[in-house]
Every structure is written in structure tokens, then in C-alpha cells.
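In what follows, a single structure is set out as C-alpha cells and then discussed.
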Amino acid sequence: MNELLDPLLLARWQFGLTTIYHFLFVPLTIGLASTAAVFQTAWYRTGKAEYLRITRFFGGIFLINFAMGVVTGIVQEFQFGMNWSEYSRYVGDVFGAPLALEGLLAFFFEATFIGLWIFGWDKLPRGLHLATIWCVAIGSIVSAYFIIAANAFMQNPVGFQINAEKGRAELVDIGALLTNPVALAAFPHTIAASFMVAAGLVISAAAWHLARNQHLDTMRPALKFGLWVMVGSGLLTTIFGDQLSLAMVATQPMKMAAAEATYDTVCGADASFSIFTLGTPDGSTELFSIRVPYLLSFLSTHTFDGCVEGINDLQAQYQELFGPGDYTPIIWVTYWSFRWMIGLGLAHVLVAVVGLWLTRRGRLPKQRWVWKIAIWSFPLSLAAMIVGWVFTEMGRQPWIVFSQMFTESAVSPNVTGLEVLISLIAFTLVYGALAVVEIRLVIRAIKKGPPEVGEPDPETGRHEPAATVY
């Protein structure tokens with residue numbers, strides 16, 4: 001019973017739950033803001049009604065996700081003070097800087113222009129109104145960078161010094177913090193993956209209507225847009241992920257070793273990447289695997305004769321550096337989350353490639369199972385991003401800030417396990433109710449379809465939007 005009420009265990013479960021839930025809305029918000037901006041630009045340049053309707057359609061879904069993301073994001077901030085007060089005390093001066101920049105600059109910037117975009121359809125000049133949605137899209141991306149910079153500090157702490165007298169880390173170089181090599185590598189990888197998630201929703205929504213042979217004038221271009229963005233952003237995610245793996249090897253070699261369950265240092269052909277592995281329950285012994293020779297070497301060093309340090313060798317190094325202890329993350333979690341991330345993302349790209357082939361030259365498939373796959377494929381890239389985040393955070397363990405602070409040292413000392421359990425149950429119930437609301441609102445918006453627009457201007461022939469109602 002005491003183990004079940006362990007404050008550290010429960011605090012980690014609560015943070016994981018609330019973070020994953022919040023993360024469901026983040027990539028959609030980033031991607032849909034840019035999607036709305038692209039289609040509104042197309043309407044601005046051509047005056048075609050279908051582009052305006054697509055803008056309003058996906059803009060409405062974007063606003064639902066933005067609102068839910070704001071609500072769930074607020075909880076994230078409070079947890080640092082409630083369950084992780086030792087973490088906040090020790091590194092808050094450093095970790096809090098990019099979070100403050102995100103709130104005071106990027107988020108307020110984004111929120112201001114969202115208001116102008118929502119209420120400015122029939123009040124602002126069309127060019128100025130178009131600029132507001134692009135400001136929203138830019139603001140969401142800049143906001144993501146500050147969050148990633150904060151997380152990168154946990155992976156590769158830079159720009160700080162330890163004040164021995166106060167027993168805490170203090171920020172000494174904001175430039176180094178914001179240009180952390182891990183942040184610079186993780187940012188484009190995350191943004192490209194966010195576009196994949198948004199493209200997945202565009203594909204699913206368009207497929208739902210096209211399967212019913214309705215709204216063809218809007219859903220045909222929307223589907224084509226989603227398919228191409230999925231393929232393009234999938235390619236970019238792969239390229240940027242490769243760069244992120246190099247940064248990971250340079251700063252957290254144990255994470256790469258755990259991702260491959262490589263216990264001994266390997267080089268060249270022996271540094272192979274296992275596509276599938278069966279092993280003992282503790283993950284320490286391999287029973288069967290399908291491997292690609294040299295691939296792990298190439299992913300880690302960009303050479304085919306490079307070496308990848310093993311878990312056992314790194315464990316010995318860390319014991320010399322940091323003292324006795326187990327510095328190995330949970331192997332089966334890191335191993336499988338890494339593969340699920342890659343596999344789910346590639347599966348969604350494959351769906352898009354097949355979709356482009358089946359819809360070439362304006363064709364629409366007659367088989368209903370094709371549309372069902374397109375509709376139900378939406379969770380693939382979103383799930384890939386979630387397990388990717390799990391890999392990033394679990395692969396850092398047992399550190400909460402690599403090389404500086406253990407996770408077990410960061411939990412609030414005066415919070416009891418029962419208190420955390422009560423809040424965990426409360427959050428789970430509330431978030432469950434919010435999930436029902438979110439899903440229903442999005443499904444209702446999708447099924448309702450693109451809104452009608454006003455008659456074309458008799459002088460210009462351009463369609464102008466009616467008063468905004470989302």
C-alpha cells in the first residue's frame with residue numbers, strides 16, 4: 001500500500017497524464033493555424049469561394065483546439081509548484097526564463113491576433129485580416145520554440161551556474177539557453193511532426209465528406225492539400241529527426257543506447273538497428289531480432305564504421321562521474337517507444353502516398369474501405385508524437401535535469417501520496433469529461449461541413465465572408 005501512495009510515483013503519473021493530454025492539442029493548434037493561413041491566402045489571391053469556406057471550416061476546428069489547449073496548459077504551470085517544488089526551487093531561475101518568454105511574448109501575441117482574426121472578418125481590410133492569421137501561425141510556432149528550449153535545458157543543461165551558497169542553479173547566459181543544440185535540433189523536428197498531425201485531420205475530415213459525395217468543391221482541394229502536406233512534412237520530420245539523433249548521441253548517449261537496447265559498445269556492422277526484437281521480460285537479453293547492419297552506426301555518427309557506446313560502458317562512466325547508482329532508463333519503454341514513434345509516423349505517410357496515387361488526375365476511389373482507412377488513420381501521427389515525447393522524457397531518466405538533478409530529488413517534500421492521489425483522480429475525471437466535450441465538438445464541426453459564404457461582389461466577382469459565427 002505504501003508503494004501505491006509513493007508521492008514520487010504518483011507525481012510522475014500525474015505529470016505524464018496531464019502533459020500527454022495537453023499535448024493532444026498542441027500539434028493540432030500549430031498545424032491548423034498554418035492550414036487556415038494558407039487557405040485564407042489562397043482566397044485572398046483568387047477570391048474563390050471554396051478557399052474561403054475551407055478557411056472557415058478548419059479555422060473553427062483550430063479555435064476549439066486552441067481553447068482546450070489553453071485550459072489544459074494552465075495546469076502544467078501549477079504542477080511545478082505543487083508536486084515539483086524542489087525542482088522549481090533548484091532550477092526555476094533557468095527553466096522559468098523561456099516559459100516566461102513564452103507566456104509574456106508568444107502566447108499573448110498569439111492570443112491577441114486570434115481575437116482580431118475571429119472578430120475582424122467584416123471589420124478589418126482583407127489584407128490586414130489575412131495578416132492576423134499569419135501572426136497567429138507564427139506566434140504558435142514561436143511559442144513552441146520557447147517550450148522546447150525549456151525542455152532542452154532538462155536534456156542538455158546550458159547557460160547556468162550553480163550558486164553553492166543558495167544551493168540552486170542561476171541563469172547566466174540566456175543566449176546559450178535559447179540556442180541549446182538540443183533545442184535547435186528538436187524544434188524543426190517537432191514543428192514538422194505537428195504539420196503531419198494537422199494534415200492527418202485535414203485528410204480524415206475531407207475523406208468523411210468525400211465518402212458521402214458531399215462538399216466536393218471544398219473537400220477535393222482540402223484532401224489533396226492534406227495528402228501533400230503529410231508526405232512533405234513526413235520527409236522533413238525524418239530529416240530533422242536524423243539531426244536530433246546526432247544531438248542526442250552527443251549530449252545523452254545513454255538514451256540512444258537504451259533506444260536500441262545496446263548493452264555493449266558496438267562498431268560498424270555490429271552497430272545494427274533492430275526493426276523487431278523479442279527478449280526477456282527485463283529487456284537484458286535478446287532472444288530473436290530482425291536487424292539492419294550498419295544502420296545504428298549511421299544514425300548515431302553518420303558513418304558506417306562509427307561506434308555506439310553501450311549501456312554497460314556508459315553505466316560505468318556515469319558511476320565514476322556521479323557516484324554509485326543505476327543510470328539506466330527503463331529499457332523496454334525507450335526501446336519500443338522509439339520504434340512505435342517511427343512506425344506510426346511512417347504508416348501515416350504511407351497512407352498519404354497511397355492516397356495521392358488513388359486520387360491522381362481528379363479521381364475519387366469507389367471502394368468504401370479506402371475512405372474508412374483515410375478517416376480512421378488520423379490518430380497515427382498524433383500517437384507517434386505522443387510516444388516520441390514518452391521516449392524523450394523516459395530516456396532521460398533517472399535525471400530530471402541531465403547530470404544535475406535526479407527525478408526523485410525534485411518532488412515536493414511536504415506533499416503526501418494521498419494528496420497527489422486525490423488530485424490525480426480529480427484531474428483524470430475532469431480531463432475525461434473534457435475529452436468527451438472536445439471530441440464531440442470536433443466531430444460536430446466536421447460533420448456540419450464548410451459554412452456557406454455570401455454572394456459574390458457584383459463589381460469584383462469575389463466572394464466576401466459573412467459576419468463571423470464560430
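Note that these values count all heavy atoms, side chains included, but never hydrogens, waters or copies made by symmetry.
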Heavy-atom check, side chain of [X] versus side chain of [Y], under 4.5 Å:
| X | Y | answer |
| --- | --- | --- |
| F153 | V401 | yes |
| W336 | V387 | no |
| H129 | T132 | yes |
| Q14 | F427 | yes |
| P157 | M405 | no |
| P181 | T251 | no |
| I141 | F187 | yes |
| V349 | M196 | yes |

Which atoms form the tightest heavy-atom contact between [X] and [Y], and what is the distance?
| X | Y | value |
| --- | --- | --- |
| V202 | A222 | CG1-O, 3.2 Å |
| A97 | L171 | CB-CD2, 3.9 Å |
| M385 | V197 | SD-CG2, 3.6 Å |
| N151 | F95 | N-CE1, 4.4 Å |
| T334 | I331 | OG1-O, 2.9 Å |
| M254 | P329 | CG-CD, 3.7 Å |

Set of residues satisfying side chain to side chain contact (heavy atoms under 4.5 Å, CB included) with respect to [X], sequence neighbours excluded:
| X | value |
| --- | --- |
| D173 | A176 |
| A211 | W371 |
| W369 | Q367, I373 |

When you measure from the side chain of [X] to the backbone of [Y], do you find a donor-acceptor pair of N or O atoms at a distance under 3.5 Å?
| X | Y | result |
| --- | --- | --- |
| Y145 | L178 | yes |
| R212 | W208 | yes |
| N156 | V182 | no |
| S377 | H348 | no |
| T237 | A193 | yes |
| N180 | V158 | no |
| S245 | D242 | yes |
| E50 | D217 | no |
| Y21 | A435 | yes |
| H209 | I446 | yes |

Where does the angle between the aromatic ring planes of [X] and [Y] fall among parallel (under 30°), tilted (30 to 60°) and perpendicular (over 60°)?
| X | Y | answer |
| --- | --- | --- |
| W399 | F402 | perpendicular |
| F39 | F58 | parallel |
| W117 | F62 | perpendicular |

Discussion item. Before you tell me yes or no, could you show the steps for N65 and E438 under side-chain contact (heavy atoms from CB on, under 4.5 Å), namely the whole-Å CA-CA distance, both residues' side-chain angles and the distance that decides it to 0.1 Å?
Written reply: CA-CA 8 Å; N65 277 276; E438 160 79 8; 3.1 Å; yes
Worksheet item: Can we call the ring centroids of F338 and F391 under 6.0 Å apart?
Response: yes
Take atom [atom1] of [X] as the centre, draw a 6.0 Å sphere, and report whether it contains more than 12 heavy atoms from other residues, nucleotides or ligands.
| X | atom1 | value |
| --- | --- | --- |
| R368 | CZ | no |
| I330 | CD1 | no |
| W134 | CH2 | yes |

Worksheet item: Does the cation-pi check pass for R339 over Y335, that is, NZ or CZ under 6.0 Å from the six-membered ring centre and within 45° of its axis?
Response: yes
Worksheet entry | Lys/Arg cation over aromatic W43: R126, 6.0 Å, 45° cone | yes
Discussion item. Assess the residue pair E260 and K255 against the criterion (salt bridge (charged side-chain N to carboxylate O under 4.0 Å, His left out)); give the C-alpha distance rounded to whole Å, side-chain angles, the decisive distance to 0.1 Å, and a yes or no.
Written reply: CA-CA 9 Å; E260 185 51 33; K255 185 183 290 186; over 6 Å; no
Answer yes if the side chains of [X] and [Y] hold a donor-acceptor pair under 3.5 Å, and no otherwise.
| X | Y | result |
| --- | --- | --- |
| S204 | W376 | no |
| S143 | E102 | yes |
| Q155 | T392 | no |

Worksheet entry | With sequence neighbours excluded, residues passing ring pair (Phe, Tyr, Trp, His ring centres under 6.0 Å) with H22 | none
Spacing of [X] atom [atom1] and [Y] atom [atom2] [to the nearest 0.5 Å]:
| X | Y | atom1 | atom2 | answer |
| --- | --- | --- | --- | --- |
| S337 | M394 | OG | CE | 8.5 Å |
| I118 | F66 | CD1 | CZ | 8.5 Å |
| I64 | L441 | CD1 | CG | 5.0 Å |
| L235 | F240 | CG | CZ | 9.0 Å |
| I386 | T19 | CD1 | OG1 | 11.5 Å |
| M256 | M248 | CE | CE | 3.5 Å |

Anything under 3.5 Å between a donor and an acceptor, one on a side chain of residues 23-36, the other on a protein residue two or more places apart or in another chain? List them.
{"residue": "T29", "atom": "OG1", "partner": "F25", "partner atom": "O", "Å": "2.8"}
{"residue": "T35", "atom": "OG1", "partner": "G31", "partner atom": "O", "Å": "2.9"}

Item to complete: Show your reasoning for whether side-chain contact (heavy atoms from CB on, under 4.5 Å) applies to I400 and W84.
Response: CA-CA 10 Å; I400 192 168; W84 304 96; 4.2 Å; yes
Fill in: Stepwise side-chain contact (heavy atoms from CB on, under 4.5 Å) check, F57 with I61
CA-CA 7 Å; F57 177 63; I61 300 173; 4.3 Å; yes
Fill in: Pairs meeting criterion salt bridge (charged side-chain N to carboxylate O under 4.0 Å, His left out) with involvement of residues 380-401, two or more places apart
E393-R396
Discussion item. For a side-chain contact (heavy atoms from CB on, under 4.5 Å) check, start with the C-alpha distance between L63 and I114, then their side-chain angles and the critical distance, and finish with the verdict.
Written reply: CA-CA 9 Å; L63 293 176; I114 281 180; 3.9 Å; yes
